[in-house]
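Here is the structure we will look at, set down as structure tokens.
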Amino acid sequence: MSSDFEGYEQDFAVLTAEITGKIARVPRLPPDEKKQMVANVEKQLEEAKELLEQMDLEVREIPPQSRGMYSNRMRSYKQEMGKLETDFKRSRIAYSDEVRNELLGDDGNSSENQRAHLLDNTERLERSSRRLEAGYQIAVETEQIGQEMLENLSHDREKIQRARERLRETDANLGKSSRVLTGMLRRYEPVRFGIFFHRPAYGFIPF
């Protein structure tokens, strides 16, 4: 089984070396050759993935006590595969930009214009951000002022309620005093009239 794995390893090493060389050549090729080279690299990358799958299946068949070394090698191959895909993606992006420039007739001024446009957009975003920050600060200050006003109104309301309670108590006390005085007057009237209109035995009528 290890001989099969080693055979896949050799095929993978040869294939990835070819892919690496072709990726490095892509930016320097004429447009027609670039297109053909990109298609060729895509096909070889698929072949390399298939080899990795076969190698992975072989590793799963290895007894657990002997699998560690092969698992480490597989991780290294997968990392190499990921790097190849990343490099190829970058070369494709550069190739696409060149094709677009050729089709549209763009030159170096296009890049300068794009950078200027990006800088202008960045400045606009910064200004908008500063305005938003200032607006947020005003909103926070307004909220604080509103909170202080609510607290003051709450204190005033408590004062008014306490004053109303004192008025009710005063009114109740006045009512009670009025009833006491009324009762005292009612008891005093018969006594006063009895003193002035009762004729004593010795005949003197007080004025």
Side-chain angles (χ1 to χ4, degrees), residues 49 52-53 56 60 64 67-68 71-72 74-76 78-97 99-101 103-104 106-207:
K49 289 180 181 178
L52 280 179
E53 292 176 359
D56 200 18
R60 294 179 184 177
R67 192 181 300 168
S71 298
N72 291 334
M74 281 300 302
R75 281 194 292 270
S76 176
K78 289 178 180 179
Q79 290 176 356
E80 184 179 356
M81 188 68 196
K83 184 178 182 302
L84 283 175
E85 290 178 335
T86 300
D87 293 341
F88 180 58
K89 185 181 297 184
R90 290 174 180 171
S91 69
R92 287 189 63 182
I93 292 173
Y95 166 70
S96 299
D97 290 342
V99 172
R100 179 182 60 79
N101 292 338
L103 292 174
L104 298 177
D106 292 342
D107 52 15
N109 293 330
S110 174
S111 299
E112 293 296 331
N113 292 335
Q114 290 179 356
R115 282 193 290 270
H117 184 64
L118 288 174
L119 289 173
D120 185 53
N121 287 339
T122 301
E123 292 177 357
R124 290 180 181 178
L125 288 174
E126 290 178 354
R127 288 195 297 269
S128 298
S129 178
R130 288 193 294 269
R131 285 195 295 268
L132 288 173
E133 186 176 355
Y136 175 75
Q137 186 64 32
I138 292 173
V140 171
E141 293 176 356
T142 303
E143 183 179 1
Q144 292 175 349
I145 293 173
Q147 185 67 28
E148 293 176 357
M149 291 178 63
L150 288 175
E151 291 177 357
N152 292 333
L153 289 173
S154 178
H155 292 326
D156 292 341
R157 180 181 178 184
E158 292 177 359
K159 291 179 181 179
I160 292 172
Q161 288 179 344
R162 288 195 296 269
R164 287 179 177 176
E165 291 295 330
R166 287 195 294 270
L167 286 174
R168 292 192 187 98
E169 292 176 359
T170 302
D171 186 64
N173 292 332
L174 288 174
K176 185 183 297 183
S177 300
S178 177
R179 289 193 297 272
V180 171
L181 290 174
T182 302
M184 292 175 63
L185 288 174
R186 288 176 180 173
R187 289 194 299 271
Y188 175 72
E189 288 294 331
V191 174
R192 184 170 66 87
F193 284 104
I195 293 174
F196 283 90
F197 293 97
H198 178 69
R199 182 183 296 274
Y202 43 81
F204 178 77
I205 300 176
F207 293 99

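Worth saying up front: this structure is predicted, and the values here are computed from it rather than measured.
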Residue list, side-chain contact (heavy atoms from CB on, under 4.5 Å) with Thr182, at least two apart or on another chain: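 In terms of side-chain contact (heavy atoms from CB on, under 4.5 Å), with neighbours along the sequence ignored, Thr182 is linked to Ser178, Arg186.
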
Partners passing side-chain contact (heavy atoms from CB on, under 4.5 Å) against Glu158 (at least two apart in sequence or in another chain): Ser154, His155, Arg162

Reported [atom1]-to-[atom2] distance for the pair [X] and [Y], which is rounded to 0.5 angstrom:
X      : Y      : atom1 : atom2 : answer
Leu167 : Ile160 : CG    : CD1   : 11.5 Å
Met81  : Leu84  : CE    : CG    : 6.5 Å
Asp56  : Met74  : CG    : CE    : 4.5 Å
Arg179 : Leu174 : CZ    : CG    : 10.5 Å

[X]: side chain to side chain donor-acceptor pair (under 3.5 Å) partners, not counting sequence neighbours:
X      : value
Lys49  : Glu85
Glu169 : none
Glu53  : none
Arg168 : Glu165

